[in-house]
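Have a look at the structure below before the remarks.
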Amino acid sequence: MTGGKIWSTVVDYFLIMGAIVGVGFASGKEIGVFFFNFSGGSIFGILAFCLLYFYLFFIVQYLRKKLALNSYNEFNAFVFGKFCKLTNIVLVINFSITSAGMLAGADYLFSSFFNLPKIVVPVTLTAITFFLILGGIKRIKFTANLIVPILIFVIIINSIKNININNVNLEITSKNIYMAVYFGLLFGVNNFVAAMPVLFETKQKVASRCAVILSIGLIILLNVLVLSSNKVSTDMPMFELSKNVSNSFYIIYFCALILALFSTLVICSYNMQNIICKNKKSKFASLLIVLFNLILSNVGYSFIVQYLYVVSGIISGIYVLILIVLIIFKLVKIKFNKTKNNED
């Protein structure tokens, strides 16, 4: 592999990681809800999550290569046919909820720590996001490769420093295993939706896709070990535990949270622009997207988390479930037609 190909693989690796490893990983909230609550069963949940991603990554790449699909919009049209416009609308709503949540979350964090007037941070982040998505995928990749390595490094260091091996208790029960697998798959579905449109902006090989999946699985496992060896009952357990490392690291972790929020915001906003404009650049459309996200964020962080995130999760779950069923149907049809042609 040449130097250029290696660099391209690294760039794509961090882009996909940035689409999946967001604020839920950095705060520890999502890891607690979807994995930690099942003790030793979490291991089976992580395994189910990884297997789901192996399948989804493989099948998207297979169809992309087999049918020469060059964009997410072409893939969506192939899978959903005449209903592709409806699924696009549903996904845009989903991405907007996530983007608004990131803006509201950043506003909540900054106003809590620095007592800044509300709207200052969301407006600033909206302006930066507008600038980035106007630059297209090259600018998005450049940003992801600046942010994501720092984010991953800080999360891993915080996890390692806060694992107390003597207090780790991962007792496994059969009841936990079934629920852990269910929640692991649910977590995978929720996070995959944000990553899928940008998958078509990468040229990842099998090894690179495997590296993404294994890296995410490792981060989840580290967080589970941290949560199982520490008693923390806040909305941001990993953030609170960063105080144990040092006061300066607590500030660094705060910055990592903001980077996580911003990374998710940028990628979801880019996904919206990509779907609406069909891979074309439009200043007007980009402006409408970021302004809509900004307006929606004003309903407040707690409202978005309690109600809109639930809607977003349901949307993601239904979308991926239908997607998997339709893909299997399409694959069977392709194989049948191929067999029939060979017989003729």
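Residues: numbered from 1 along the sequence shown. All heavy atoms count here, side chains included; hydrogens, waters and symmetry mates do not.
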| query | What about the rings of Phe49 and Tyr53, do their centers lie closer together than 6.0 Å? | reply | yes
| Do Phe95 and Ser269 come within less than 4.5 Å of each other through their side chains, counting heavy atoms only? | no
| Of Tyr307, Tyr108, Tyr309, Phe110, which is the lone residue that meets ring pair (Phe, Tyr, Trp, His ring centres under 6.0 Å) with Tyr301? | Tyr108
| message | Looking at every non-hydrogen atom in both residues, tell me the closest pair between Asn274 and Pro197 and how far apart they are. | response | ND2-O, 4.3 Å
| query | Would Ser215 and Tyr13 count as a side-chain hydrogen bond (donor to acceptor under 3.5 Å, both in side chains) if you check the C-alpha gap in whole Å, the side-chain angles of each, and the deciding distance to 0.1 Å? | reply | CA-CA 10 Å; Ser215 299; Tyr13 168 84; 2.7 Å; yes
| Which of these, Phe249, Phe25, Tyr250, sits in a ring pair (Phe, Tyr, Trp, His ring centres under 6.0 Å) with Phe239? | Tyr250
| message | Just to verify, what does Asn164 make a side-chain contact (heavy atoms from CB on, under 4.5 Å) with, not counting sequence neighbours? | response | Asn166, Asn167, Ser229
| message | Between Asn298 (side chain only) and Leu294 (backbone N and O only), is there a donor and an acceptor less than 3.5 Å apart? | response | yes
| message | Nearest 0.5 Å, please: how far is CD1 in Ile276 from CG in Asn88? | response | 9.0 Å
| query | Do the side chain of Ser208 and the main chain of Lys205 share a donor and acceptor less than 3.5 angstrom apart? | reply | no
| Minimal non-hydrogen separation, Ser159 against Met238, with atom names | OG-CE, 3.6 Å
| field | Any donor-acceptor N or O pair under 3.5 Å, side chains Tyr270, Glu201 | value | yes
| Closest heavy-atom contact between Ala106 and Leu125? | CB-CD1, 3.6 Å
| NZ or CZ of Lys330 within 45° of Phe78 ring axis and under 6.0 Å | yes
| message | Using ring centroids (six-membered ring only for Trp), state whether Phe80 and Tyr319 fall under 6.0 Å. | response | yes
| task | Please round to the nearest 0.5 Å and tell me the distance separating atom CG of Leu69 and atom OH of Tyr62. | result | 12.0 Å
| task | Determine whether the aromatic ring centres of Phe35 and Phe187 lie less than 6.0 Å apart. | result | yes
| message | Rounded to the nearest 0.5 Å, what separates atom CD1 in Ile177 from atom CD1 in Ile43? | response | 10.5 Å
| request: Please name the pair of heavy atoms, one in Asn145 and one in Val10, separated by the smallest distance, quoted to 0.1 Å. | output: OD1-O, 3.7 Å
| request: On the 0 to 90° scale, with breaks at 30° and 60°, tag the Phe57-Phe192 ring pair as parallel, tilted or perpendicular. | output: tilted
| query | Can you name the nearest heavy-atom pair linking Leu132 to Ile140, along with the distance? | reply | O-CD1, 3.9 Å
| Does the side chain of Ile275 reach to within under 4.5 Å of the side chain of Leu91, using non-hydrogen atoms? | yes
| request: Assess whether side-chain contact (heavy atoms from CB on, under 4.5 Å) is satisfied between Ile156 and Leu222, documenting all intermediate values. | output: CA-CA 7 Å; Ile156 291 175; Leu222 287 173; 4.2 Å; yes
| Does Val92 reach the side chain of Ile289, with side-chain heavy atoms less than 4.5 Å apart? | no
| Set of residues satisfying side-chain hydrogen bond (donor to acceptor under 3.5 Å, both in side chains) with respect to Asn230, sequence neighbours excluded | none
| request: With the side chain counted from C-beta on, respond yes when Ile258 and Val121 share a heavy-atom pair under 4.5 Å apart, and no when they do not. | output: no
| Verdict with reasoning, Phe75 to Leu323, per side-chain contact (heavy atoms from CB on, under 4.5 Å) | CA-CA 11 Å; Phe75 171 81; Leu323 179 72; 3.8 Å; yes
| note | Note: Val198 and Ala195 closest approach over all heavy atoms is CG2-O, 3.0 Å
| Atom OG in Ser228, atom CZ in Phe36: separation rounded to 0.5 Å? | 6.0 Å
| request: With side-chain hydrogen bond (donor to acceptor under 3.5 Å, both in side chains) as the test, would you mind laying out the steps for Asn76 and Thr87 before giving the verdict? | output: CA-CA 8 Å; Asn76 194 47; Thr87 57; 2.9 Å; yes
| said: With side-chain contact (heavy atoms from CB on, under 4.5 Å) as the criterion, how do Leu331 and Ile59 come out once you've worked through the C-alpha distance, each side chain's angles and the decisive distance to 0.1 Å? | reply: CA-CA 10 Å; Leu331 287 173; Ile59 210 68; 3.2 Å; yes
| request: Show your reasoning for whether side-chain hydrogen bond (donor to acceptor under 3.5 Å, both in side chains) applies to Ser316 and Asn94. | output: CA-CA 8 Å; Ser316 297; Asn94 194 29; 3.1 Å; yes
| Do Phe183 and Tyr178 have ring centres separated by under 6.0 Å? | no
| field | Trace of the side-chain hydrogen bond (donor to acceptor under 3.5 Å, both in side chains) decision for Asn158 with Ser242 | value | CA-CA 6 Å; Asn158 188 48; Ser242 66; 4.8 Å; no
| Testing Ile20, Thr98, Leu259, Asn191 for side chain to side chain contact (heavy atoms under 4.5 Å, CB included) with Thr264, which one passes? | Thr98
| Flag side-chain contact, heavy atom, 4.5 Å: Gln61 against Arg209 | yes
| field | Asp107 vs Ser297 side-chain heavy atoms within contact, under 4.5 Å | value | no
| request: Take Val79 and Ile322, measure what side-chain contact (heavy atoms from CB on, under 4.5 Å) needs, and give me the verdict at the end. | output: CA-CA 10 Å; Val79 175; Ile322 295 173; over 6 Å; no
| Does any non-hydrogen side-chain atom of Phe262 lie less than 4.5 Å from one of Thr129? | yes
